[in-house]
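One structure below.
Side chains are part of it too, since the values below use all heavy atoms of this structure and drop only hydrogens, waters and symmetry mates.
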Amino acid sequence: MLCGGSAGQAPRLVLWQVLLCAAVGAVAGGQVGYLLGQHGGRALLARTSRARVRGAVARAEKLLARYGYGKALVIGRFVPMVRTVLHPAAGALGVPARSFTLWETVGGLIWSQSLVLAGYLLGSSVPDIDDYCCRWSLSSSWSRCCPCCRW
């Protein structure tokens, strides 16, 4: 999202389109995670042997128990690795769909829009920063996908 926001110089991407796509992607991704958790999350989480995933699930459960659904779903967006497992964990733990959808949408909008706007501001203030950010983002994404393929 930072790369998309930083590419706001003409004739590349239009800011409002990037903001819209980021919002839709964030909310849709959260909903898919919730549905996956609802329809088999406990069994799937119990079968994983990765300690990092189990630790993130435990943190997500503590976050939901400590702060309640609203705060946990909004705050969880900004915590790496918890962001990945929070939505399936919420589905597996039986968070009501109405509460989940409301707070996941609020958190998803705040998270996605703040990242895109931060990237846009960075891209408009530092010349050619998008080249460096996009290379870093691609290599970071690739390195994160490789371990997931084994999972």
Side-chain angles (χ1 to χ4, degrees), residues 1-8 13-125 129-130 133-134 136-138 140-151:
M1 284 191 238
L2 282 170
C3 291
S6 70
L13 299 173
V14 181
L15 180 62
W16 73 267
Q17 292 172 341
V18 176
L19 288 166
L20 179 66
C21 289
V24 169
V27 172
Q31 291 296 322
V32 168
Y34 177 78
L35 291 173
L36 288 173
Q38 211 175 26
H39 293 290
R42 278 287 179 198
L44 185 63
L45 292 173
R47 289 189 335 193
T48 186
S49 62
R50 299 187 58 103
R52 191 171 177 190
V53 172
R54 287 183 185 224
V57 170
R59 286 176 60 194
E61 289 177 347
K62 286 179 187 174
L63 194 66
L64 284 166
R66 181 175 180 186
Y67 294 109
Y69 304 143
K71 284 183 184 178
L73 290 167
V74 173
I75 293 169
R77 280 283 185 169
F78 295 91
V79 180
M81 197 62 186
V82 170
R83 171 178 48 239
T84 307
V85 297
L86 181 62
H87 301 127
L93 293 172
V95 174
R98 187 177 218 151
S99 295
F100 176 82
T101 301
L102 171 68
W103 292 111
E104 188 270 333
T105 301
V106 169
L109 289 175
I110 293 170
W111 177 72
S112 64
Q113 304 310 282
S114 62
L115 282 179
V116 169
L117 292 173
Y120 182 78
L121 292 173
L122 184 66
S124 62
S125 62
I129 191 71
D130 58 329
C133 283
C134 287
W136 175 81
S137 178
L138 287 174
S140 174
S141 296
W142 179 253
S143 67
R144 288 181 185 174
C145 278
C146 289
C148 290
C149 293
R150 293 184 306 211
W151 183 46

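Applying the salt bridge (charged side-chain N to carboxylate O under 4.0 Å, His left out) rule to pairs touching residues 92-101 yields nothing, sequence neighbours excluded. Every pair tested for salt bridge (charged side-chain N to carboxylate O under 4.0 Å, His left out) that includes a residue from residues 23-36 fails, sequence neighbours excluded, so the list is empty. Judged as a salt bridge (charged side-chain N to carboxylate O under 4.0 Å, His left out), not a single pair has a partner in residues 14-33 (not counting sequence neighbours).
Scanning all heavy atoms of the two residues, the minimum distance from Thr101 to Thr105 falls at O-OG1, 2.6 Å.
Under the rule for a side-chain contact (heavy atoms from CB on, under 4.5 Å), the partners of Leu20 that lie at least two apart in sequence or sit in another chain are Trp16, Val24. Residues satisfying the side-chain contact (heavy atoms from CB on, under 4.5 Å) criterion with Leu19, sequence neighbours excluded, are Leu15, Gln113, Val116, Leu117. With sequence neighbours excluded, the residues satisfying ring pair (Phe, Tyr, Trp, His ring centres under 6.0 Å) with Phe100 are Tyr34, His87.
Ser125 places a side-chain N or O within 3.5 Å of a backbone atom of Leu122 that can act as its donor or acceptor partner.
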Quiz: residues 65-77 side-chain donor-acceptor pairs under 3.5 angstrom, not counting sequence neighbours:
{"from": "Arg77", "atom 1": "NH2", "to": "Ala26", "atom 2": "O", "distance (Å)": "2.8"}
{"from": "Arg77", "atom 1": "NH2", "to": "Glu104", "atom 2": "OE2", "distance (Å)": "2.6"}

